[in-house]
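Below is one structure, written out as structure tokens, with a few remarks after it.
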Amino acid sequence: IIGETGSGKSRFAHEYASRTPAYCENGFTRIPVIHHTVQAATTPKMLLQGLLVSIGDPQQGKGANNERDLRDRFYRLMQTIQPELLIIDEAQAYVQDCSERVLLKRVDVFKDIINTLRMPIVLMGTPWATRILEASEQLERRVAYRRVLRPFGVDTVDARRNYFHLLGLLAEAHQMD
């Protein structure tokens, strides 16, 4: 899901994840929807550490000797918590301002996650995030659906009419004048 800053991507992901809270089943914590926000200037190791924190890693992503150990722990924990969906938000932060060589290495991490988990994964971000798919034909083929969230515009008569109609609905729903 691609959208400009402020188009509602993160809010949507947060709301969606909050509607499917974690629960305990047979002594294990299950997290149906994992919403992870990538931090700025993230390396593959930092991405994996952040994902581990997002899924409740008891070690908070620490204590691994290398990226492979982090990846293996991430996959083991994902098997345990059995999520139905992984949302990776602010994906552009992972590939922004890096060279082509670094980009390809980082994209390989996403490709490995998608191949290993074999579950629905949503990558969300600004238009910069499209670099992730453009860098790898294999990854591009694995992403079946692409959506763009566009903010409301007011540049045409129809757009203004739709916008004011929405404002009216919101005002009515919240009993405002």
Side-chain angles (χ1 to χ4, degrees), residues 1-96 103 105-133 135-136 138-149:
I1 299 175
I2 300 297
E4 294 294 338
T5 300
S7 62
K9 302 175 305 297
S10 296
R11 178 73 176 175
F12 169 77
H14 176 74
E15 287 293 321
Y16 188 80
S18 70
R19 291 176 189 211
T20 54
Y23 61 95
C24 193
E25 179 181 84
N26 300 326
F28 292 100
T29 299
R30 304 286 185 227
I31 306 174
V33 178
I34 297 164
H35 176 214
H36 173 70
T37 301
V38 177
Q39 301 303 309
T42 296
T43 64
K45 184 176 179 180
M46 292 167 64
L47 174 70
L48 291 164
Q49 288 172 323
L51 285 166
L52 282 163
V53 170
S54 291
I55 63 174
D57 176 30
Q59 296 179 31
Q60 294 291 288
K62 306 282 189 240
N65 293 326
N66 56 48
E67 189 180 310
R68 174 50 59 193
D69 291 346
L70 287 169
R71 213 178 285 192
D72 290 345
R73 186 181 336 150
F74 173 64
Y75 295 145
R76 278 194 312 277
L77 282 171
M78 289 292 279
Q79 284 180 329
T80 301
I81 62 173
Q82 298 179 348
E84 299 167 19
L85 177 66
L86 171 60
I87 301 171
I88 300 177
D89 199 356
E90 300 293 342
Q92 77 282 350
Y94 186 61
V95 296
Q96 210 165 333
L103 174 66
K105 181 179 178 355
R106 290 181 180 189
V107 166
D108 281 345
V109 173
F110 273 135
K111 195 166 39 174
D112 186 62
I113 290 171
I114 290 170
N115 289 341
T116 303
L117 295 180
R118 297 196 179 284
M119 62 176 285
I121 298 174
V122 175
L123 297 177
M124 297 176 66
T126 64
W128 266 94
T130 59
R131 288 186 73 201
I132 296 167
L133 300 181
S136 168
Q138 290 176 329
L139 188 56
E140 192 169 27
R141 284 193 305 268
R142 286 176 175 85
V143 177
Y145 302 101
R146 294 163 201 188
R147 299 292 180 258
V148 175
L149 284 180

Check your understanding: If you draw a 6.0 Å radius around OH in Y16, do more than 12 non-hydrogen atoms from other residues or ligands fall strictly inside?
Key ->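 It does not: Y16 OH has 12 such atoms or fewer within range.
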
Check your understanding: Near F28 CZ, under 6.0 Å, is it more than 12 heavy atoms from other residues, nucleotides or ligands?
Key ->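 Open: at most 12 neighbouring heavy atoms sit under 6.0 Å from CZ of F28.
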
Any sub-3.5 Å donor-acceptor pair from [X]'s side-chain atoms to [Y]'s backbone N or O?
X: T80; Y: R76; answer: yes
X: K9; Y: E4; answer: yes
X: T116; Y: I113; answer: no
X: T20; Y: A17; answer: yes
X: Q60; Y: P58; answer: no

Flag side-chain contact, heavy atom, 4.5 Å: [X] against [Y]:
X: R142; Y: K111; answer: yes
X: M46; Y: Q39; answer: no
X: V95; Y: W128; answer: no
X: K105; Y: D108; answer: no
X: L70; Y: L52; answer: yes
X: I87; Y: V33; answer: yes
X: R131; Y: Q92; answer: no
X: R141; Y: L139; answer: no

Could you report the tightest heavy-atom contact between [X] and [Y], atom names first, then the distance?
X: A22; Y: P32; value: CA-CD, 4.2 Å
X: Q49; Y: G61; value: CG-O, 3.1 Å
X: L149; Y: G8; value: CD1-C, 4.3 Å

Point to revise | Lys/Arg-Asp/Glu bridge criterion (N-O < 4.0 Å) met for D72, R68 | key: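 A salt bridge is present here (some side-chain N lies under 4.0 Å from a carboxylate O).
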
Check your understanding: Do the charged groups of K45 and E67 touch, with an N to O distance under 4.0 Å?
Key ->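 No salt bridge links K45 with E67.
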
**Study point:** No-hydrogen, no-angle side-chain donor-acceptor test under 3.5 Å, D89 and H36
**Key:**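 No - no donor-acceptor pair under 3.5 Å links their side chains.
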
Review point. So, Q138 and E140: side-chain donor and acceptor under 3.5 Å apart, yes or no?
Key: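 No, E140 and Q138 have no side-chain donor paired with an acceptor closer than 3.5 Å.
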
Exercise for review: Measure the CG-CG distance between N66 and L48 for me, rounded to the nearest 0.5 Å.
Suggested key: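 CG of L48 is found 10.5 Å from CG of N66.
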
Point to revise | cation_pi(R106, Y94) dist<6.0 Å, angle<=45 | key: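 Output yes; distance and angle both within limits.
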
